[in-house]
A.B. asks: 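The following block contains the structure, expressed as structure tokens.
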Amino acid sequence: MADIATRVYNHTWKIDPIIRSVIDTDFYKLLMAQTIFRRHRDVQVTFGIHNRTRRVRLADLIDEGELREQLEHVRTLRLTRGESTWLRGNTFYGKRQMFSPEFMDWLESFRFPEYLLEKEDGQYVLTFHGPWIETTMWEIPALAILNELRSRGVLKGMGKFELQVLYARAMTRVWEKVQWLKALPSLSIADFGTRRRHSFLWQDWCVQAMMEGLGRSFLGTSNCLIALRQEVEAVGTNAHELPMVYAALADSDEELAQAPYRVLMDWQEDYEGNLRVILPDTFGTANFLKNAPDWVAAWTGIRVDSKDPIEGGEESIDWWLSRGQDPREKLVIFSDGLDVGPICDIHRHFHGRVRLGYGWGTLLTNDFRGLAPDGALDPISIVCKVVSADGRPTVKLSDNPNKALGPRDQIERYKRVFDVGVQEAQPVLV
């Protein structure tokens with residue numbers, strides 16, 4: 001186990017690059033990349049960084065030269081032979097050879113494409129444009145780099161003992177959370193914390209803490225590189241990116257309304273079992289469930305995101321009952337801004353009524369709240385989202401209007417097509 005405080009004190013990026021591998025990314029990125037590779041590899045897509053926490057002026061905190069160094073380092077990476085062997089031969093979700101030989105051939109030759117970096121009003125404007133299959137790969141590394149460079153900037157001024165105490169406090173906090181979760185019956189929880197982690201070393205430590213503290217209740221990690229090194233499961237399914245692009249490519253309102261289900265049709269051809277988990281909130285959960293074909297109800301489960309978790313879980317149960325399904329056989333995954341308190345509340349409410357799963361992200365791998373002066377290490381809410389596809393703007397409505405993305409006129413159009421009425425805004429913490 002790494003002595004993190006000493007490593008941080010002696011940091012040089014050449015010793016500890018922020019992104020260490022092509023697979024220092026989330027598993028869902030590779031699953032989605034395979035679907036994109038098979039069907040839409042030539043669609044031209046632009047991704048962009050959006051810092052929702054505007055009070056944190058990243059361009060004032062992160063040196064542009066250091067940022068470019070890290071981004072350029074990522075562009076030198078290529079899949080290693082050992083990583084390729086792991087992806088080709090390992091069993092994921094009970095299936096061997098999850099990734100096709102054709103996709104693996106592409107991934108072995110993949111290099112990260114160019115990027116555009118600018119500054120505007122104290123924020124970095126970081127964009128990636130090109131074939132969807134290439135630009136999609138930038139999302140996780142870009143977010144991890146920005147978050148860790150911010151952390152490193154704060155830690156630079158700390159001495160050896162100050163760093164030792166800081167990490168001792170953070171470790172104690174994580175371990176106390178793990179012990180709290182350990183008391184929950186039939187717990188199934190995974191690390192989802194790559195995108196907004198404090199650092200790679202810290203995420204790796206958190207995974208090891210959960211492995212020891214939770215045993216079989218710990219399902220694995222979304223981070224492929226850590227899953228490989230620690231010999232745990234790589235976990236993840238899909239994200240809002242797919243329906244956002246499919247919707248942008250629709251040529252009519254009718255095609256737009258069907259876009260979320262077209263995504264599921266393609267996904268169903270590619271994957272089975274526990275990978276068939278619906279993410280229904282891209283354009284509003286209520287309308288998605290109301291108009292979903294009956295075959296969607298036969299899927300394994302639902303991931304509740306952006307909506308109040310209790311409300312979202314109850315909505316899922318009611319929907320399954322209305323479609324003749326037994327909720328006790330279904331999986332509900334909660335993953336939006338979770339911490340120990342909400343996880344315990346959700347578990348008490350739904351235990352025994354559905355199969356429960358939790359994706360614990362930012363507040364596992366970046367909970368340094370109050371451990372540095374003026375909240376300098378408190379996590380921020382930052383995303384890297386697709387903003388256009390073949391020159392058409394993309395839109396995300398979400399169940400929480402504070403997470404909506406896209407041009408105002410297009411947001412209004414999508415609200416009309418998807419019959420989204422008045423929404424209640426919820427704070428976006430992470």
Side-chain angles (χ1 to χ4, degrees), residues 19 21-38 83 86-87 90-100 103-104 107 133 136-144 188-197 200 203-204 206-207 210-211 218-244 263-264 266-268 270-282 299-306 331-338 355-365 383-386 430:
I19 302 300
S21 163
V22 172
I23 65 167
D24 187 5
T25 192
D26 282 339
F27 189 56
Y28 79 85
K29 266 291 146 183
L30 300 184
L31 294 172
M32 292 199 304
Q34 179 164 248
T35 290
I36 295 165
F37 176 80
R38 288 172 174 171
E83 292 164 352
W86 180 72
L87 288 171
N90 197 39
T91 298
F92 300 103
Y93 285 89
K95 181 179 175 62
R96 189 172 292 277
Q97 294 183 330
M98 178 75 75
F99 300 103
S100 71
F103 174 73
M104 286 304 306
L107 188 61
I133 186 59
T136 188
M137 299 293 286
W138 264 118
E139 178 194 359
I140 308 301
L143 290 171
S188 294
I189 192 167
D191 156 44
F192 275 18
T194 302
R195 294 184 303 161
R196 291 190 283 266
R197 67 194 183 195
F200 174 85
Q203 183 183 14
D204 188 55
C206 290
V207 166
M210 293 180 77
M211 290 170 62
F218 178 57
L219 296 181
T221 173
S222 64
N223 187 286
C224 297
L225 182 60
I226 295 175
L228 168 61
R229 291 183 175 182
Q230 298 298 340
E231 298 184 338
V232 297
E233 292 290 331
V235 296
T237 53
N238 53 65
H240 302 104
E241 173 187 337
L242 290 178
M244 288 173 70
V263 171
L264 300 189
D266 288 349
W267 194 262
Q268 187 167 256
D270 293 346
Y271 303 112
E272 57 191 23
N274 284 345
L275 289 177
R276 291 185 182 174
V277 174
I278 307 161
L279 179 62
D281 73 312
T282 309
W299 273 36
T300 302
I302 285 177
R303 180 156 70 94
V304 175
D305 193 63
S306 300
L331 173 66
V332 184
I333 298 175
F334 299 90
S335 62
D336 185 30
L338 292 181
R355 295 164 52 207
L356 291 167
Y358 304 96
W360 193 11
T362 307
L363 295 180
L364 166 66
T365 62
V383 294
C384 181
K385 293 292 186 183
V386 56
V430 293

A.B. asks: Run the salt bridge (charged side-chain N to carboxylate O under 4.0 Å, His left out) test against Glu241 and tell me which residues pass, sequence neighbours left out.
C.D. replies: Lys29
A.B. asks: Might you work through the ring pair (Phe, Tyr, Trp, His ring centres under 6.0 Å) test for Tyr271 and Tyr93, ending with a clear yes or no?
C.D. replies: CA-CA 10 Å; Tyr271 303 112; Tyr93 285 89; 9.3 Å; no
A.B. asks: Does some side-chain heavy atom of Gln34 sit less than 4.5 Å from a side-chain heavy atom of Asp270?
C.D. replies: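 Result no, sub-4.5 Å side-chain heavy-atom pair not found.
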A.B. asks: Quick check for you: to the nearest 0.5 Å, what is the distance between Thr35 atom OG1 and Arg38 atom CZ?
C.D. replies: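 Thr35 atom OG1 to Arg38 atom CZ measures 6.5 Å (nearest 0.5 Å).
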A.B. asks: Does a donor on one side chain and an acceptor on the other come within less than 3.5 Å for Arg197 and Thr365?
C.D. replies: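 Checked: Arg197/Thr365 side chains show no N/O donor-acceptor pair below 3.5 Å.
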A.B. asks: From Gln203 CD over to Thr221 OG1, what is the distance, rounded to the nearest 0.5 angstrom?
C.D. replies: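 Between Gln203 CD and Thr221 OG1, I get 5.0 Å after rounding to 0.5 Å.
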A.B. asks: Please give me the minimum heavy-atom distance between Gly193 and Ser222, naming the atom from each residue.
C.D. replies: N-OG, 4.1 Å
A.B. asks: Kindly indicate whether the side chain of Leu87, heavy atoms from C-beta on, has any atom under 4.5 Å from the side chain of Leu228.
C.D. replies: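 They are not in side-chain contact.
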A.B. asks: What distance separates Asp191 CG from Leu219 CG, expressed to the nearest 0.5 Å?
C.D. replies: 11.0 Å
A.B. asks: Using distance alone, with no hydrogens and no angle criterion, decide if Thr194 and Asp26 have a side-chain donor and acceptor under 3.5 Å apart.
C.D. replies: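 A donor-acceptor contact under 3.5 Å links the two side chains.
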A.B. asks: Between Glu83 and Ile23, what is the shortest heavy-atom contact and its length?
C.D. replies: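 Shortest heavy-atom contact: CG-CD1, 3.6 Å.
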A.B. asks: Determine whether Thr136 and Phe37 make a side-chain contact, defined as any pair of heavy atoms from C-beta on separated by less than 4.5 Å.
C.D. replies: no
A.B. asks: Would you say the side-chain atoms of Gln230 pair up with the backbone N or O of Asp204, donor to acceptor, closer than 3.5 Å?
C.D. replies: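 Judged by distance alone, no pair lies under 3.5 Å.
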A.B. asks: Let's go through Phe192 and Leu338 carefully: what are the C-alpha distance in whole Å and the side-chain angles of both, what is the deciding distance for side-chain contact (heavy atoms from CB on, under 4.5 Å) to 0.1 Å, and is it a yes or a no?
C.D. replies: CA-CA 10 Å; Phe192 275 18; Leu338 292 181; over 6 Å; no
A.B. asks: Under the criterion side-chain contact (heavy atoms from CB on, under 4.5 Å), I'd like the reasoning laid out for Val383 against Arg196: C-alpha separation, chi angles, the key distance, then a yes or no.
C.D. replies: CA-CA 9 Å; Val383 294; Arg196 291 190 283 266; 3.9 Å; yes
A.B. asks: If every non-hydrogen atom of Pro243 is compared with every non-hydrogen atom of Thr282, which pair is closest and at what distance?
C.D. replies: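 Heavy atoms only, the tightest pair is CG-OG1, 3.4 Å.
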A.B. asks: What do the steps show when you test Val207 against Phe218 for side-chain contact (heavy atoms from CB on, under 4.5 Å), and what is the final call?
C.D. replies: CA-CA 9 Å; Val207 166; Phe218 178 57; 4.0 Å; yes
A.B. asks: Can you check whether Gly357's main-chain N or O pairs, donor with acceptor, with Ser188's side chain at less than 3.5 Å?
C.D. replies: no
A.B. asks: Are any non-hydrogen side-chain atoms of Phe92 and Val235 less than 4.5 angstrom apart?
C.D. replies: no
A.B. asks: To the nearest 0.5 Å, what is the distance between OG1 on Thr25 and CH2 on Trp138?
C.D. replies: 11.5 Å
A.B. asks: Can you find a pair of side-chain heavy atoms, one from Asn90 and one from Met98, that are under 4.5 Å apart?
C.D. replies: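 Asn90 vs Met98: side chains apart.
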A.B. asks: Output the distance between atom CD1 (Ile189) and atom CD1 (Ile333), rounded to the nearest 0.5 Å.
C.D. replies: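 Between atom CD1 of Ile189 and atom CD1 of Ile333 there are 12.0 Å.
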A.B. asks: Are Pro141 and Asp24 packed together at the side-chain level, in the sense that at least one heavy-atom pair is separated by less than 4.5 angstrom?
C.D. replies: no
A.B. asks: Could you walk me through whether Phe200 and Leu225 pass side-chain contact (heavy atoms from CB on, under 4.5 Å), step by step?
C.D. replies: CA-CA 10 Å; Phe200 174 85; Leu225 182 60; 3.8 Å; yes
A.B. asks: Of the non-hydrogen atoms in Ser335 and Asp305, which two are nearest, and what is the gap between them?
C.D. replies: OG-OD1, 3.9 Å
A.B. asks: May I ask you to test the Cys224-Leu30 pair for a side-chain heavy-atom distance under 4.5 Å?
C.D. replies: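 Side chain of Cys224 against side chain of Leu30, heavy atoms only: contact under 4.5 Å found.
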A.B. asks: Which atom pair, heavy atoms only, marks the closest approach of Gly236 to Tyr28?
C.D. replies: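 Reported closest heavy-atom pair: C-CB, 4.2 Å.
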A.B. asks: Are the side chain of Trp267 and the backbone N or O of Val277 linked by a donor-acceptor pair below 3.5 Å?
C.D. replies: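 Answer holds: no.
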A.B. asks: What are the two closest heavy atoms between Ala33 and Ile133, and how far apart are they?
C.D. replies: O-CD1, 3.1 Å
A.B. asks: Applying side chain to side chain donor-acceptor pair (under 3.5 Å), which residue pairs with at least one partner in residues 231-240 are found, sequence neighbours left out?
C.D. replies: His240-Asp281
A.B. asks: Can you measure from CZ (Arg276) to CD1 (Ile278) and round to the nearest 0.5 angstrom?
C.D. replies: 11.0 Å
